[in-house]
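Single-structure report; data block below.
Because only heavy atoms are used, hydrogens play no part in the values below, and waters and symmetry mates are left out as well, while side chains stay in. Chain naming here is simple, since letters A, B, ... match the order of the sequence lines and numbering starts at 1 in each.
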Number of protein chains: 2
Amino acid sequence: MSRRLTPRGKERRAQLIDYATKRFATDGYHPTSVADIVDGLGVGKGVFYWYFASKEELFIEILRTSQRDMRRRQQRAIEGVDDPVRRVELGIRAGVEWLAANNDLRRLFEFARTESTFAGSMKAGQSVLVSDAVVHLKEAIVEGRIPDRDPEALAWAILGVSNQLIHVYIDGDSMDAPQIADTVVDFCMEGLGVRR
Amino acid sequence: MSRRLTPRGKERRAQLIDYATKRFATDGYHPTSVADIVDGLGVGKGVFYWYFASKEELFIEILRTSQRDMRRRQQRAIEGVDDPVRRVELGIRAGVEWLAANNDLRRLFEFARTESTFAGSMKAGQSVLVSDAVVHLKEAIVEGRIPDRDPEALAWAILGVSNQLIHVYIDGDSMDAPQIADTVVDFCMEGLGVRR
DNA sequence: AGCGAACTAGACCGGTCGGTCAAGAAGGTT
DNA sequence: AACCTTCTTGACCGACCGGTCTAGTTCGCT
């Protein structure tokens, strides 16, 4: 699906994406029908299928552009920083802040990972983030700044901590984004801090 | 829903739960219809509604009993162990091994967290696990074995690492459960191991 | 003003959904 | 054998699903 869109058309399309994102995030993808979306916007069903080939296509589009946006933010946050450990930290903070600011999308990501139709698309996107992180982790290992362990596993672990703490503390809104970022960074840098 | 069940009835019920769990895990909760379940078992639809009041009730029952089972396994793994740090480690290992061995259920948990209908039930169950862990973490802090940080956040972080690494390495079957457990324990105990 | 492209409304379609129900088979107890 | 409870069948129901389509309106351009 790809049409020539006038400014008016682009805005409609954006409207549909925004509203659908919210509904998907609050009610779930399956329970939200196309009729719900167009009714909520007060437009006819034809509008939806003018801009999107299917409900599924819309959802995948939301996932793709969101993942791209998050990665961009992370890259902007670390550009020009020499210290690899510092780059990891800034990457974590940028990621946490993006996910906290786009909680709707975070929820969509969580769901998308659970259904085979979307899992592939999600895994691909996440793998990109992990590869990004692996570069810095490897550098940190080479420089002897952190012990030599599988950098990919470390990157996934970081992602896991970030997602979990945001999920708990944003949805339970008992912490703001910077506080969560502090907690995540702290745990990722030294874990429980057990002396062994 | 609760009926007097003969042994035969109990087995039917278990059959339904087993098969539905697998279908829910592979195809998703919504895409799996009640008709799919009974057809897959070669029985009539009435059978399903003889044992369960609704599709939703069945799903919640699966979640409840699974969470209980996982917690039991964790408790059995740490009973009689004096060292709180060791208890945390054994709890992590037991949790990881349970989730790896019951990957179907792990996927269901992942989905259940994303839909408002089931999120409450899931959160409650997870909170219990966290409270369990918090007890040992507090003790470890008091004994000076680990630095004094919010034990609840630590517990959630541990849960996040466990879920993420199992998700990645079991579904991509490139590691077995004990290896994953090692990796999780390692990360949780000392994180990236940054010297600060 | 006129025309084609962009956009919109909403009735409509076939299919599927979760759930019901009447009828009867199977099994245990007396 | 008679009888009651447990269990099973599958046709059926109304609701709703994603998606189509036709008839039209609005807009930008010449």
Side-chain angles (χ1 to χ4, degrees), chain A residues 1-24 26-63 108 111-112 115-118 121, chain B residues 1-24 26-63 108 111-112 115-118 121:
Chain A
M1 208 61 164
S2 157
R3 298 187 191 271
R4 309 183 95 252
L5 295 182
T6 64
R8 175 195 174 197
K10 284 188 182 180
E11 193 174 322
R12 238 315 167 248
R13 208 181 117 96
Q15 254 179 36
L16 284 162
I17 289 178
D18 279 2
Y19 187 74
T21 300
K22 267 167 208 141
R23 294 298 299 258
F24 286 158
T26 55
D27 301 337
Y29 171 76
H30 290 293
T32 303
S33 68
V34 175
D36 287 335
I37 296 167
V38 294
D39 288 354
L41 247 34
V43 300
K45 220 178 200 179
V47 171
F48 186 97
Y49 287 96
W50 176 258
Y51 295 100
F52 304 100
S54 66
K55 185 186 168 185
E56 193 178 311
E57 193 203 79
L58 162 64
F59 190 65
I60 289 177
E61 153 111 19
I62 293 173
L63 295 180
L108 261 41
F111 163 77
E115 201 141 337
S116 52
T117 327
F118 309 118
S121 174
Chain B
M1 210 57 164
S2 159
R3 295 186 191 274
R4 310 183 94 252
L5 296 182
T6 63
R8 177 194 172 197
K10 284 189 181 176
E11 195 175 319
R12 229 333 156 244
R13 207 180 119 97
Q15 255 179 36
L16 284 161
I17 290 179
D18 279 2
Y19 188 73
T21 301
K22 267 166 206 140
R23 294 298 300 258
F24 286 158
T26 56
D27 302 336
Y29 171 76
H30 290 293
T32 303
S33 67
V34 175
D36 287 336
I37 295 168
V38 294
D39 288 354
L41 248 34
V43 299
K45 217 178 203 181
V47 170
F48 186 96
Y49 288 95
W50 177 259
Y51 296 100
F52 304 101
S54 68
K55 185 187 169 186
E56 192 177 311
E57 191 204 80
L58 161 63
F59 190 66
I60 290 176
E61 153 109 20
I62 293 173
L63 295 179
L108 261 41
F111 163 76
E115 201 140 336
S116 53
T117 327
F118 309 117
S121 174

For A:E57, I'd like to know if atom CD has over 12 heavy atoms of other residues, nucleotides or ligands within 6.0 Å. yes
Check whether more than 12 heavy atoms from other residues, nucleotides or ligands sit under 6.0 Å from atom CD of A:E11, and answer yes or no. no
By nearest nucleotide on DNA chain C, pick out whichever of A:T6 and B:F48 is the more 5' one. A:T6
Sorted by position of nearest nucleotide on DNA chain C, 5' first, the leading residue of B:R8 and B:E56 is B:E56
If you compare every side-chain N and O of [X] against the phosphate oxygens of [N] (OP1, OP2), does one of them come in below 4.0 Å?
| X | N | result |
| --- | --- | --- |
| A:Y51 | C:dT8 | yes |
| B:S33 | C:dT16 | no |
| B:R12 | D:dT8 | yes |

Check every strand shown and say whether [X] touches a base, only sugar-phosphate, or nothing at a heavy-atom separation below 4.0 Å.
| X | value |
| --- | --- |
| A:R3 | nothing |
| A:G46 | base |
| B:V43 | sugar-phosphate |

So is A:K55 actually on top of A:Y29's ring, under 6.0 Å and inside 45° of the axis? yes
Between the base of C:dG19 and the side chain of B:K55, is there any donor-acceptor pair under 3.5 Å? no
Tell me the interatomic distance from [X], atom [atom1], to [N], atom [atom2], rounded to whole angstroms.
| X | N | atom1 | atom2 | value |
| --- | --- | --- | --- | --- |
| A:D39 | D:dG18 | CG | C1' | 14 Å |
| B:E11 | D:dT6 | CD | C1' | 15 Å |
| A:L5 | C:dT8 | CG | P | 10 Å |
| B:R13 | D:dT8 | CZ | C1' | 17 Å |
| B:L41 | D:dT8 | CG | P | 10 Å |
| A:L16 | C:dA6 | CG | C1' | 15 Å |
| B:R23 | C:dC17 | CZ | P | 11 Å |
| B:W50 | D:dG10 | CH2 | C1' | 17 Å |

Quick one: on DNA chain D, does B:K45 or B:K10 contact a more 5' nucleotide (nearest heavy atom)? B:K10
Ignoring hydrogens and geometry, is there a side-chain-to-backbone donor-acceptor pair from A:R3 to A:W50 under 3.5 Å? yes
Between D:dT9, C:dG18, D:dG18, which nucleotide gets closest to the side-chain atoms of A:V34? D:dG18
Any idea how A:F59 and A:F24 line up, ring-wise: parallel (<30°), tilted (30 to 60°), or perpendicular (>60°)? perpendicular
